[in-house]
Amino acid sequence: MEAKQLAVTGSSTPQSPVYRALLRAGPSHRALQQVHGHIVVSGSHRSRALLTKLITLACEAGSIFYTRRLFLSVPNPDSFLFNSLIKASSKFGFPQHTVFFYHRMLGFRIAPSSYTFTSVIKSCADISALRLGRCVHSHVLVCGYGSDSFVQAALVTLYSKSGDLGAARTLFDKMPERSVVAWNSMISGYEQNGFSREAIEVFNQMRDFGVEPDSTTFVGVLAACSQLGALGLGCSVHHDVINNGLHVNVALGTSLIIMYARCGNVSKAREVFDSMNERNVRAWTAMISGYATNGYGSQAVELFCQMRAHGPVPNTVTFVAVLAACAHAGLVHEGREAYANMRQEYGLVPGVEHHVCMVDMLGRAGLLTEAYQLIKELAPEEAAPAVWTAMLGACKMHKNFDLGVIVAEHLLEVEPENPGHYVMLSNIYALAGRMDRVEMVRNMMMGRSLRKQVGYSTIDVNQKTYLFSMGDKSHPETNEVYRYLDELMSQCREAGYAPVHESVMHEVEEEEREYALRYHSEKLAIAFGLLKTKDGMAIRIVKNIRMCEDCHEAIKFMSVVTKREIIVRDKLRFHHFKDGSCSCMDYW
DNA sequence: TTAGGGTTAG
C-alpha cells in the first residue's frame, strides 16, 4: 500500500510521503533498504535531499559499507552531502571513513567549512592520528578557520589524545575565548596522559577565570583524584558537585564510585552506587571492580549475582572484575563458575585478561599444575606474557623452584627487555639458595643495561601531595622522618617484627640490604603521615609498583604499635592494615 | 531542498 503511494506521488520534499517513510525507518539497515527500494521505484532517487538523509541514516545504523556504496552512486556529490557524511561518520564511530570522505571532498574541490573541520579533527583524535591531524591543522589555517573556537577546542583534544600535550597547551593558552568544553578538553587531556596534578591545576585556573564547571569537568577532575588516590580532594570535589546543584548522571556517578573505590573508601563508593537512579553496565562494573581491588571478594561476587538477577547484561570487562575479585579472595569455586558462565550463558570469549585472572586465582590457591595446564591449553597467540607472569608469581609464592625457572626462562625469551622478569627469576634462585644463579641473572640484566623500575610512594596531607622514594633525603623534614621511622621500626621489632630479606633486590650489596629495606618509600611516607596527622586518623599511601613482602610485614606491626589504620594502594590492589593484619590476608 | 560542532565514566 505504502509502496504504491510512494510510486504515485514521487515527490521528494521533506513533507512528502517518501521522506516521511525514511524518517519512520530511522537508523535501521533493513528498513532503510526497503525505503531505498521505494525511492528507486518512485523515481525520486535523483533528489539530493532524500539521498543525503538516506545516507546519513545508513551511517547512523552502523552500515558503513552500505553508506559508502550509496555515496559512490551519487554522481556529483555537493558540499551538503559531504558535510553530512563527515559529521555522521565521525559521530557514529567510523573515523577512518571520515578521513576518506574528507579526502574525496577535497578531490572534488569542495571547500570545507568550520563544521567540516570539527568533525574531521575529532576523527583524527579518535585514532590518535597526529601526523594527519597536523596536516588538517595546516589546512584549517589556510582556509581561515584558525580562530574558530569550536575548531580550536577540537584541536586541543586532538593534540592531547595523541599525546602531544605541549602542543595542546600552547594552543589552549592562545585561545582568546575558552568555552567550558575547551577547559574540559584540557583537563581530561592531562588526566588521560597521567598528569593528574596538572589536570587539577587547570581546574583551579578555570575557577579563577570564573568559568562554571559542568558534569563533564567533574568527571575529568574526579578521574585525576582517582589516579592520585587523593581522597581529601576527591571529597571536596564531590561537595562541589552537590553545591553546584549538578545532576549526577551515570558517567558522573560512575566517576564518583571509581574515585572513592580507588581512594580506599569502598563504603562511600557503595553509597554513591545505591543513590544513582540510572545504573548501566559500566556503573555496575565499576562497583564490582572497586570491591575486587579492595579485597572484598565475596561482596564483589554478591553484587555480581544481583547484577545477573536484575541488572544490565555483564560484558567482558565485568568478568575481568569478577575474576580478579575471586583471584584476590581465594574464591576458586566462584571463579571457575564465572569463567564457565562467561561463554555458556553470555557467549563472551575470554581474552588475555581473563586468562591472567584464572592463572592468578588457581596459582595463588596452590593449584599450580592446573594453572600451568590452563596456559598450555591456550592457543599460542593467547598465551601472552602477562599470563606467564601470573604463573611466575604463583611459582614464587609457593616456592616451586623447578616450574618457576621454566616459566621465567620462557618469559626472558619472549620479553628480554622486561627487567621485572629478571628480578623474579633472581628472587626464585635466591629462594632456592642458588646464589651462583642469582649472580648470573644479575650479570645478564646489567649486560642489557636494564634497571628495576624505581618505586615511589605518595601521601596526601591537608590536600597536598608528598612524594617519597627509597632513601630519599630531599624532603625538608627528612631528618625528623628518618629519626621517627628508626624509632618506629625498633618498636616493631620489640613487638616481634623480623625483616624479610628475600625481597631485597639482588643488585643491592649485603651491607646495604638492611638500610634499603628500612627506607623503602612506603615506610618513609607512612612515617611522614604518622608525624603529620592526628592520632587515630587513617593513613593512606599510593605506591607506583607492588609492595615488597618485608614492607607488608612491617606495616602490619606498624598498625599495632601506632593503633592506626594504614591503607596502601599498590600497583595491583589495596591493602588495608589494621590491628596487625591486612585485608588481603597475606594472599597477594 | 536539507543542519550543524568540540569535552565525560567500567
Side-chain angles (χ1 to χ4, degrees), chain A residues 11-16 19 22-23 44 46-56 78-81 83-84 86-88 90-91 113-126 145 148-158 160-161 168 171-172 175 178-189 191-192 199 206 213-224 226 246 248-259 261-262 269 272-273 276 278-290 292-293 307 312 314-322 324 353:
Chain A
S11 153
S12 63
T13 60
Q15 289 75 35
S16 71
Y19 195 92
L22 202 50
L23 293 181
S44 48
R46 284 190 194 83
S47 159
R48 279 181 185 278
L50 269 183
L51 282 178
T52 303
K53 191 73 198 166
L54 174 65
I55 291 172
T56 52
D78 59 357
S79 92
F80 187 81
L81 176 57
N83 281 331
S84 301
I86 284 170
K87 190 182 96 184
S90 171
K91 185 174 171 190
S113 70
S114 64
Y115 290 95
T116 322
F117 283 121
T118 50
S119 291
V120 174
I121 295 164
K122 174 185 152 49
S123 289
C124 292
D126 286 346
Y145 293 112
D148 182 285
S149 67
F150 285 87
V151 174
Q152 286 177 331
L155 285 167
V156 169
T157 309
L158 164 74
S160 59
K161 282 208 170 157
L171 207 81
F172 178 77
M175 285 175 76
R178 282 173 287 220
S179 63
V180 61
V181 177
W183 284 98
N184 293 348
S185 265
M186 201 62 241
I187 291 169
S188 304
E191 182 273 313
Q192 285 164 354
M206 175 183 181
D214 64 8
S215 55
T216 307
T217 318
F218 287 113
V219 169
V221 177
L222 285 165
S226 307
L246 280 175
V248 178
N249 60 25
V250 65
L252 184 51
T254 307
S255 302
L256 283 165
I257 293 173
I258 298 160
M259 184 276 290
R262 297 211 64 205
V272 174
F273 178 78
M276 288 165 71
E278 187 201 341
R279 280 175 292 211
N280 59 14
V281 60
R282 285 184 174 208
W284 282 84
T285 304
M287 193 61 238
I288 292 171
S289 172
T293 50
M307 183 182 184
N315 61 21
T316 52
V317 187
T318 318
F319 277 98
V320 173
V322 175
E353 287 177 286

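For the numbers below, each heavy atom of this structure counts, side chains included, while hydrogens, waters and symmetry mates do not.
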Checking all strands, does A/Ser113 fall into the base, sugar-phosphate, or nothing category for heavy-atom contacts under 4.0 angstrom? base

Which nucleotide in the list B/dG10, B/dT2, B/dT7 gets nearest to the side chain of A/Ser185? B/dT7

What's the CE-P distance between A/Met175 and B/dT7, to the nearest Å? 12 Å

Atom-pair distance (CG on A/Leu81; C1' on B/dA3), nearest Å: 13 Å

Tell me what A/Val250 touches on the nucleic acid: a base, only sugar-phosphate, or nothing, going by heavy atoms under 4.0 Å. base

For A/Ala199 and A/Glu191, work out which heavy atoms get closest and say how close. CB-N, 4.0 Å

Of the candidate nucleotides B/dA9, B/dG10, B/dG6, which contains the atom at the shortest distance from the side chain of A/Val181? B/dG6

Does the ring of A/Phe150 lie flat against the base of B/dG5, closer than 5.5 Å centre to centre with planes under 30°? yes

Mind calculating the distance between CZ (A/Phe80) and P (B/dT1) to the nearest angstrom? 13 Å

Heavy atoms only, 4.0 Å cut-off, all strands: where does A/Ser114 land among base, sugar-phosphate and nothing? base

In terms of side-chain heavy atoms of A/Arg48, which of B/dG5, B/dT8, B/dT1 is nearest? B/dT1

Base of B/dA9, side chain of A/Ser255 - is there a donor-acceptor contact under 3.5 Å? no

Does the side chain of A/Lys161 get closer than 4.0 angstrom to OP1 or OP2 of B/dT8 through an N or O atom? yes

Would you mind telling me which of B/dT7, B/dA9, B/dG5 lies closest to the side-chain atoms of A/Lys122? B/dT7

Between B/dG10 and A/Asn315, counting only base atoms on the nucleotide and side-chain atoms on the residue, is there a donor-acceptor pair under 3.5 Å? yes

Short side-chain to backbone donor-acceptor contact, A/Thr56 and A/Lys53, under 3.5 Å: yes

Rounded to whole Å, how long is the line connecting atom CG of A/Leu54 with atom C1' of B/dT2? 14 Å

Has the side chain of A/Thr118 got a donor or acceptor that lies under 3.5 Å from a partner of the other kind on the base of B/dG4? no

If you only use heavy atoms from C-beta on, which nucleotide in B/dA9, B/dT8, B/dT1 is closest to the side chain of A/Ser188? B/dT8

Output the rounded distance in Å from CG (A/Asn83) to P (B/dT1). 19 Å

Would A/Lys87 and A/Thr118 satisfy side chain to side chain contact (heavy atoms under 4.5 Å, CB included), going step by step from the backbone distance to the final call? CA-CA 9 Å; A/Lys87 190 182 96 184; A/Thr118 50; over 6 Å; no

Return yes if a side-chain donor-acceptor contact under 3.5 Å exists between A/Ser123 and A/Asp126, otherwise no. no

Side chain of A/Asp78 only, please: which of B/dA9, B/dT2, B/dG6 is the nearest? B/dT2

At 4.0 Å (heavy atoms only), tell me whether A/Ser149 reaches a base, stays on the sugar-phosphate, or touches nothing. base

For the side chain of A/Ala153, starting at C-beta, report the closest nucleotide among B/dT8, B/dG4, B/dG6. B/dG6

Considering every strand and a 4.0 Å limit on heavy-atom distances, what is the contact class for A/Val281: base, sugar-phosphate, or nothing? base

When only distance counts, do a donor and an acceptor, one from the side chain of A/Ser179 and one from the base of B/dG6, lie under 3.5 Å apart? yes

Give one of base, sugar-phosphate or nothing for A/Val151, where a contact means two heavy atoms less than 4.0 Å apart. base

Give a yes or no answer on whether the side chain of A/Ser160 reaches the backbone of A/Gly189 with a donor-acceptor pair at less than 3.5 Å. no

Residues forming a ring pair (Phe, Tyr, Trp, His ring centres under 6.0 Å) with A/Trp284, sequence neighbours excluded: A/Phe273

Presence of A/Gln192 side-chain N/O under 4.0 Å of B/dT8 phosphate oxygens OP1/OP2: yes

For the side chain of A/Asn249 and the base of B/dA9, is some donor closer than 3.5 Å to an acceptor across the two? no

Whole angstrom is fine here: how far is it from CD in A/Glu353 over to C1' in B/dG10? 11 Å

Residues at least two apart in sequence or cross-chain that pass ring pair (Phe, Tyr, Trp, His ring centres under 6.0 Å) with A/Phe150, listed by chain then number, are none

When the distance from CZ of A/Arg262 to C1' of B/dA9 is rounded to whole Å, what number comes out? 13 Å

Return the value, rounded to whole Å, for the distance between atom OH of A/Tyr145 and atom P of B/dG4. 18 Å

Against the side chain of A/Val317, the closest entry in B/dG10, B/dT8, B/dG5 is B/dG10

